[in-house]
Amino acid sequence: MKYVNIKMLLVFCLTVTLIFSVCAQKPTLKNAFDGQFYIGAALNEWQIVGNDVSAISLVKAHFNSISPENCFKWERIHPQQNKYRFELPDSFVAFGEKNRMFIIGHCMVWHSQVPKWVFIDSLGNQLSRDALLKRMHDHILTVMGRYKGRIKGYDVVNEALNDNGTMRQSKWLKIIGEDYIEKAFEYAKEADPNAELYYNDFNIEQPSKREGAIKLIKSLQAKGIKISGVGIQGHYHLNRPSLKDIDESIDEFSKLGIKVMFTELDVNVLPSPKNFNGADVSQDFEMDKTLNPYPKGLPDSVQTQLAKRYADFFKIFVKYKGKVTRITFWGVDDAQSWLNNWPVRGRTNYPLIFDRKCMPKPAFFSILECAKSSQ
Ligand code: G3I
């Protein structure tokens, strides 16, 4: 009898200890939104090679999806005709697999960051349609073929539209014609039939560009071409775009029967130079003190606005859980963000939810609150 009591006491103590240790664990983003959508982060080179120890420990704790910020772009992975550079992409994929993450490939066909050689022959003449299609085919088959079954989703075509919804006059369009997009998706399916295939762009939550994206997606679907989802990049500001546009775009895109994801989320808190818009990387403006108002730290009032802005986004995302399948932040912490150098070089920006010391910002906690209220 005495023995049974001691045993029961022991079991009771162990259970209590276990409950306490689970409760004492710090909440993580990926657990908070488990069963709703993936929480992703874009990784830069320094993180992929493991040098940025603090950021990497955040990635392991909070994220269950990763995107490569730069190392899969054509100029990086395929700088010369007969030369592929797979060292970093291999490490990126190995890291994702080791940590059981949903791995994204970004991006196969884009107007930017493509070396000049891709579009010309050995004499410097512009390639023919067929020759460029062959290059696109070889590139997609080689890259996606290497990671077949391991990378789960690809931004197959990136930023093919202008803000008014018309097709961007890229070299792909000019040399191949409008069907370059269908070809890219067909080649991607050929390379890895089970991978999710996405169209990815910025500003497509805004009505005119959204209309262009819907038209493009419908035309692929009408031809029986596989497209699994749309990536709304989500390079946002404190006061734009409107929440209404974000909400309506999820609704409209999901009605096409495809997954909707926010693939490059961040919030630029700095003033915009005149005539600046969107996320086109070619924009470059002169530095001026008025454009860099917070070099020594973000004022509390702006920190609060940022937290509210992120909470407003996540309230919409959880409203559409099941339709929204992934939220990826474009970076891990503020120090890493591309927005410190774009569209003006050398600014101090605060667009993410972890600060320069990899500590959670109020925005992090406001997002967690949204998860609680969505359960
Ligand atoms: O790594 C080199 C470094 O060696 C060199 O000294 C330095 C000099 O400028 O450049 C460094 O490379 C830069 C790289 O970012 C890493 O910081 C490139 O110049 C710069 O062009 C590159 O910018 C990237 C940009 O795409 C263009 O590829 C940003 O990091 C990246 O965040 C941004 O991501 C894009 C998405 O792919 C598509 N959607 C828009 C988004 C933001 O522009």
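Nothing fancy with the numbering, it's 1 onward along the sequence. In listed order, ligands and their atoms are each counted from 1.
Residues satisfying the ring pair (Phe, Tyr, Trp, His ring centres under 6.0 Å) test with F37, not counting sequence neighbours, are F33.
Relative ring orientation between H237 and F276 is described as perpendicular, the plane-to-plane angle rising above 60° on a 0-90° scale split at 30° and 60°.
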Anything under 3.5 Å between an N or O on ligand 1 and a protein N or O? List each pair with its distance, or write none.
| unit_1 | atom_1 | unit_2 | atom_2 | d |
| --- | --- | --- | --- | --- |
| ligand 1 | 12 (O) | R76 | NH2 | 3.4 |
| ligand 1 | 26 (O) | K73 | NZ | 2.8 |
| ligand 1 | 28 (O) | N70 | OD1 | 3.4 |
| ligand 1 | 28 (O) | K73 | NZ | 2.9 |
| ligand 1 | 28 (O) | Q113 | NE2 | 3.4 |
| ligand 1 | 30 (O) | E69 | OE2 | 3.1 |
| ligand 1 | 30 (O) | N70 | ND2 | 3.0 |
| ligand 1 | 32 (O) | E69 | OE2 | 2.5 |
| ligand 1 | 32 (O) | W330 | NE1 | 2.9 |
| ligand 1 | 34 (O) | K73 | NZ | 3.3 |
| ligand 1 | 34 (O) | W330 | NE1 | 3.2 |
| ligand 1 | 37 (O) | K73 | NZ | 2.7 |
| ligand 1 | 37 (O) | H106 | NE2 | 2.7 |
| ligand 1 | 39 (N) | E159 | OE2 | 2.9 |
| ligand 1 | 39 (N) | Q233 | OE1 | 3.1 |
| ligand 1 | 39 (N) | Q233 | NE2 | 3.3 |
| ligand 1 | 39 (N) | E264 | OE1 | 2.7 |
| ligand 1 | 39 (N) | E264 | OE2 | 3.4 |

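Cation-pi check for R146 over F86 is met; the charged atom lies under 6.0 angstrom from the ring centroid and within 45 degrees of its normal.
Aromatic ring centroids of Y187 and H137 lie under 6.0 Å apart. Taking the six-membered ring for Trp, W172 and W74 have ring centres closer than 6.0 Å. A centroid separation of less than 6.0 Å is found between the aromatic rings of F317 and F314.
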